[in-house]
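These notes are about the structure you will find just below.
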Amino acid sequence: MKKVDAIIKPFKLDDVREALSEVGITGMTATEVKGFGRQKGHTELYRGAEYVVDFLPKVKIEVVIKDEQLEDCIEVITRAARTGKIGDGKIFITPVEKVIRIRTGEQDETAI
């Protein structure tokens, strides 16, 4: 099993969710986060004063999937989240040792 963390632009969340659903990946967690990478933030003007916005709003999607779903998952997220502009985000993949469904006690792939 793998855990896929994707940091994307907030307005792309629905596109990514729908695309994952189309390939059979139904469960996910989405969290509003802030961060920066190569963008390094930007400056804004508010009431005549210029200030720096270091952390930009993003959405973090977390999905736990079977190993055989990994390539489809990566491809779908990349396609649905891409705008072609700086700040489209990143995808991180980590191994998952164990999953337990609290309600039933099911474990590993049956608990996903």
Minimum side-chain heavy-atom gap [X]-[Y] below 4.5 Å:
X    : Y   : answer
V59  : T31 : no
K2   : D67 : yes
I112 : M1  : yes

Check residues 103-111 and write down every donor-acceptor pair under 3.5 Å in which the side-chain atom is one partner and the other belongs to a residue at least two apart or another chain.
{"unit_1": "T104", "atom_1": "OG1", "unit_2": "E106", "atom_2": "N", "d": "3.2"}
{"unit_1": "T104", "atom_1": "OG1", "unit_2": "E106", "atom_2": "OE1", "d": "2.9"}
{"unit_1": "E106", "atom_1": "OE1", "unit_2": "R101", "atom_2": "NE", "d": "2.8"}
{"unit_1": "Q107", "atom_1": "OE1", "unit_2": "K98", "atom_2": "NZ", "d": "2.9"}
{"unit_1": "D108", "atom_1": "OD1", "unit_2": "V99", "atom_2": "N", "d": "3.4"}
{"unit_1": "T110", "atom_1": "OG1", "unit_2": "Q107", "atom_2": "O", "d": "2.8"}

First locate atom [atom1] of [X], then atom [atom2] of [Y], and finally report the distance between them rounded to the nearest 0.5 Å.
X   : Y   : atom1 : atom2 : answer
T83 : D15 : OG1   : CG    : 11.0 Å
I91 : I7  : CD1   : CD1   : 10.0 Å
K60 : M28 : NZ    : CE    : 13.0 Å

With sequence neighbours excluded, what pairs up with K3 under the salt bridge (Lys or Arg N to Asp or Glu O under 4.0 Å) test?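 Salt bridge (Lys or Arg N to Asp or Glu O under 4.0 Å) check on K3 returns D5, E62.
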
So with a 6.0 Å cut-off around CD of E32, is the heavy-atom count from everything else above 12?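 Result for CD/E32: open.
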
Using the rule that Ile, Leu, Val, Met, Phe, Trp and Tyr join whenever any side-chain heavy atoms are under 4.5 Å apart, tell me whether V76 and L70 fall into a single cluster.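 In one cluster: yes.
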
Answer with yes or no whether the hydrophobic clustering places V4 together with V96; edges join I, L, V, M, F, W, Y residues whose side-chain heavy atoms lie under 4.5 Å apart.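 They do not share one cluster, since no chain of ILVMFWY contacts under 4.5 Å joins V4 to V96.
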
Would you name the heavy atoms of A19 and A80 that are closest together and state the gap between them?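 Smallest heavy-atom distance, with atoms named: CB-CB, 3.9 Å.
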
Donor-acceptor check, side chain of T78 to backbone of I74, threshold 3.5 angstrom: yes or no?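 Answer holds: yes.
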
Is the side chain of D88 donor-acceptor paired with the backbone N or O of R82 at a distance under 3.5 Å, no angle test?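 A pair under 3.5 Å: no.
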
Could I get the full list of side-chain contact (heavy atoms from CB on, under 4.5 Å) partners for I25, not counting sequence neighbours?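 For I25, the residues satisfying side-chain contact (heavy atoms from CB on, under 4.5 Å) (neighbours in sequence not counted) are L20, V23, V63, I65, Q69, C73.
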
Apply side chain to side chain contact (heavy atoms under 4.5 Å, CB included) to the pair K58 and K9, showing each step before the final yes or no. CA-CA 5 Å; K58 302 286 183 182; K9 292 183 175 185; 4.2 Å; yes

Walk me through whether L13 and I61 qualify under side chain to side chain contact (heavy atoms under 4.5 Å, CB included). CA-CA 8 Å; L13 177 59; I61 297 171; 3.8 Å; yes

